[in-house]
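The block underneath contains the structure these notes are about, expressed in structure tokens.
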Protein chains: 2
Amino acid sequence: MKPITIEDVARLSGVSRGTVSRVINGSQNVNSETRKRVLEVIEKLGYRPNQNARRTAGGRSSTIGIVIPMIGTEFYERLIKSMEEKLRAQWYAMMLFPVLKRDWLSKVMMHDIPNSEAAGMFLCSFDIEHLFSSFRKPFEGPTVLVDSYSPLYDSIYIDNELGGYLVGRKFSQLEGSTHVIMMQESIDSGFWPVFNSRFKGFQKALLESGKSLPQRNVHSYDFSWSAGALAARDIFDNDRPPFNIFAMSDLYAFGVMREAQLRGLRIGRDVKLVGYDDQSLARDWGITTVRQPIEQMGEKAVNMMLQRLERPGKEVESLCLKPEMVERESA
Amino acid sequence: MKPITIEDVARLSGVSRGTVSRVINGSQNVNSETRKRVLEVIEKLGYRPNQNARRTAGGRSSTIGIVIPMIGTEFYERLIKSMEEKLRAQWYAMMLFPVLKRDWLSKVMMHDIPNSEAAGMFLCSFDIEHLFSSFRKPFEGPTVLVDSYSPLYDSIYIDNELGGYLVGRKFSQLEGSTHVIMMQESIDSGFWPVFNSRFKGFQKALLESGKSLPQRNVHSYDFSWSAGALAARDIFDNDRPPFNIFAMSDLYAFGVMREAQLRGLRIGRDVKLVGYDDQSLARDWGITTVRQPIEQMGEKAVNMMLQRLERPGKEVESLCLKPEMVERESA
DNA sequence: CTGAAAGCGCTTACAG
DNA sequence: CTGAAAGCGCTTACAG
């Protein structure tokens, strides 16, 4: 009933605990005969080192934590997958801390993360400045910011302003009325404001070509498919074609598409539509969208972490990736 | 630079390490004056107990692990959210272990989970018998199976056969050709076979009313939206209306819907369509579907875990929840 | 290459 | 109510 300890292995192998420990930790200073014998006993007993004791005694953890604001979206699925791929190649284990409700943010930050004893931590899409002003710093070890930026940490993110700008440039050449569907973001939410950046770039491009966007053409909603349909309804009811709609997430774009179909409006003709993210649905539906190099971001994030783990004192680094527009039938 | 230890707190409070430990662990046997003083020092120093040492010394872990086969779907998002809700109410921390690639299953099982030192573990949608015959048992502590069943563990799941049966009964009254779109599931994949169960129930209902389903009307694909569209294309090309299609996931149903629209087929008339899961998209699109009590499953699963944590020796329990059909315009 | 020993930061009977 | 002490399972100089 009792768990098998290093002591048991030592006794049965006829060596000391120190030697067993060296075998476990892959030290070179072990006679290969001895190593073999110890390994056999470990196998026979089904011994597994107690990680807590190991870490307590000063050994290194080999799991990396990832904090993300949600699951259930293609963006994070792809991001996590690409990160895990590289992490596993380096023998790291991964654990995920999703913040599924806003109220739980403090619990994740003050309880889950400190308790995890991970070797390193990725914080994805969080606005670290606001976060760390409300919470005690949750993690002392190597930290890499993904999809957000701070001068105080290694960070990697995608240029959202550029993404919006690309769409804006395209839209400035189009006839008709221009509308934007985006998510309401509050400054102190603790999340990195991506929509606002996209909007900023978009508006910049419009201004450059002498156009402007009336406030009433900006539609702010929650983050859902239905919101896109709702916004579209509003637009179609109160303005006249041709419509140019920048749906700042493909999710919104799907809603717009659906609503347009119901009214017999032709996407790509009566309605020019551009989404954001290049989700698989956008590909299938022929939606013009902005592609973000998600996998690349994930891989480079892991690289940063590995380097930081190697040299904790090295200077902080940051990397900005570029999105690109993918032209399809919808615009 | 050095982390603050219980020793530091003890010294500054003028008590022994034992007393500090008692304060931390909420023991009643501490003078309230003493407690107050210790608490103040803890606060001032920003002391946080080292969880590894704590567990090494025999203290209880307060984090629960959840292993799931994927993220990025509404099903698991809802499931995890409902579980986390209850878990947090009991002061447990949660960590997630998604198995994003089939090849990683062994790493998660043999590395991540044993290393996690969680107090309990939920295994979601895994076929535990096949899993544990290929792997050494990954977790010794309290284990609860969610969305799958084994007589050896506490388990909670939803009756997929009944779900299929409900649809089958409906379809047996319909005119036209009947088709099924489902996912290919191999017996030894390690995942719980939900599609096969749904199919079994579906076929049973059909047989009861004297109908039968030709093998060529069963369309097996991977799990994606596009697969639904692909299957629909196949069906529309090689059979004639009216079509009755049981898409065994709403995801498939969306693909069918899209394909039907492209061809000018009217959903609900030329094409009777039933999905599975009652995702939010199904609601928005008026798709008849089978609703699974996901949140209920999550909550009850946590109840099981809490009870198991309380009384590790209690006898194994299992619970089967019932799905229901939600009738909308599509069928 | 290996053992004996000190140490990691905590918990928990035990004795008072 | 509290301290002194043994113990949790491991790691890692140190000495040989």
Side-chain angles (χ1 to χ4, degrees), chain A residues 1-42 45-63 111 114-119 140-141, chain B residues 1-42 45-63 111 114-119 140-141:
Chain A
M1 217 59 259
K2 247 189 178 159
I4 297 142
T5 71
I6 199 171
E7 183 64 52
D8 301 321
V9 177
R11 193 160 15 81
L12 263 86
S13 326
V15 298
S16 72
R17 282 143 64 207
T19 301
V20 176
S21 179
R22 282 178 209 110
V23 170
I24 294 169
N25 291 293
S27 159
Q28 287 312 302
N29 305 327
V30 182
N31 180 300
S32 63
E33 296 287 313
T34 314
R35 181 198 312 282
K36 186 151 159 278
R37 194 149 32 93
V38 171
L39 249 18
E40 278 168 10
V41 173
I42 287 178
L45 257 39
Y47 165 71
R48 268 184 248 143
N50 177 319
Q51 299 298 326
N52 288 316
R54 203 171 183 177
R55 294 197 277 257
T56 301
R60 274 247 307 225
S61 156
S62 63
T63 78
H111 187 207
N115 276 12
S116 72
E117 296 291 326
E140 299 294 334
Chain B
M1 216 61 255
K2 248 190 177 155
I4 296 142
T5 71
I6 198 171
E7 183 64 52
D8 301 321
V9 177
R11 193 160 15 83
L12 261 86
S13 327
V15 297
S16 71
R17 282 144 64 207
T19 300
V20 177
S21 179
R22 283 178 207 109
V23 170
I24 294 169
N25 291 292
S27 160
Q28 287 312 304
N29 305 327
V30 182
N31 180 298
S32 62
E33 296 287 313
T34 314
R35 180 197 313 282
K36 187 151 159 279
R37 191 149 33 93
V38 170
L39 250 17
E40 279 167 9
V41 173
I42 287 178
L45 256 39
Y47 166 72
R48 271 183 246 141
N50 177 319
Q51 299 299 326
N52 288 315
R54 201 170 186 179
R55 294 197 277 258
T56 301
R60 273 247 309 221
S61 156
S62 64
T63 78
H111 186 206
N115 277 11
S116 72
E117 296 290 328
E140 300 294 334

(message) Requiring both pairing distances under 3.5 angstrom, list the stems that contain DNA chain C and are made of three or more consecutive Watson-Crick or G-U pairs.
(response) C:1-3 with D:14-16, C:5-12 with D:5-12, C:14-16 with D:1-3
Got a second to check how far [X]'s [atom1] is from [Y]'s [atom2], nearest 0.5 Å?
{"X": "B:Thr56", "Y": "B:Asn50", "atom1": "OG1", "atom2": "CG", "value": "8.0 Å"}
{"X": "B:Arg37", "Y": "B:Glu40", "atom1": "CZ", "atom2": "CD", "value": "9.0 Å"}
{"X": "B:Thr19", "Y": "B:Arg35", "atom1": "OG1", "atom2": "CZ", "value": "11.0 Å"}
{"X": "A:Ile4", "Y": "A:Ile42", "atom1": "CD1", "atom2": "CD1", "value": "11.0 Å"}
{"X": "B:Ile24", "Y": "B:Leu39", "atom1": "CD1", "atom2": "CG", "value": "9.5 Å"}

Measure [atom1]/[X] against [atom2]/[N] and give the value in whole Å, please.
{"X": "B:Gln28", "N": "C:dT12", "atom1": "CD", "atom2": "C1'", "answer": "16 Å"}
{"X": "A:Asn52", "N": "C:dC10", "atom1": "CG", "atom2": "C1'", "answer": "11 Å"}
{"X": "A:Ile24", "N": "D:dG9", "atom1": "CD1", "atom2": "P", "answer": "13 Å"}
{"X": "A:Ile6", "N": "D:dT12", "atom1": "CD1", "atom2": "P", "answer": "11 Å"}
{"X": "B:Arg54", "N": "C:dC8", "atom1": "CZ", "atom2": "P", "answer": "20 Å"}

(request) Using a 4.0 Å heavy-atom cut-off across all strands, classify B:Asn29 as base, sugar-phosphate, or nothing. (result)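 Touches a base.
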(message) Does anything in residues 22-32 of chain A form a salt bridge (Lys or Arg N to Asp or Glu O under 4.0 Å)? List the pairs, not counting sequence neighbours.
(response)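 Residue pairs with at least one partner in residues 22-32 of chain A: there are none.
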Qualifying residues under side-chain contact (heavy atoms from CB on, under 4.5 Å), relative to [X], sequence neighbours excluded:
{"X": "A:Leu12", "value": "A:Val41, A:Lys44, A:Leu45"}
{"X": "B:Ala10", "value": "B:Arg17, B:Val20"}
{"X": "A:Thr5", "value": "A:Glu7, A:Asp8"}
{"X": "A:Ser21", "value": "A:Ile6, A:Asn25"}

(request) Take atom C1' in C:dT12 and the same atom in C:dG16, then report the distance between them in whole Å. (result)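 My reading of the C1' atoms in C:dT12 and C:dG16 gives 16 Å.
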Could you go through nucleotides 14-16 of chain D and list every protein N or O atom that sits under 3.5 Å from one of its N or O atoms, giving the distance for each pair?
none

(message) Using the side-chain heavy atoms of B:Thr56, tell me which of these nucleotides is nearest: C:dC10, D:dT11, D:dC8.
(response) D:dC8
(request) Using a cut-off of strictly less than 4.0 Å between a heavy atom of the residue and any atom of DNA chain C, enumerate the qualifying residues of residues 7-21 of chain B by number. (result) B:Arg17, B:Gly18, B:Ser21
(request) Could you check which residues of residues 30-39 of chain A get a heavy atom under 4.0 Å from DNA chain D? Sort them by number, please. (result)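 The answer is none.
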(request) Using side-chain hydrogen bond (donor to acceptor under 3.5 Å, both in side chains) as the criterion, list what pairs up with A:Ser13, not counting sequence neighbours. (result) none
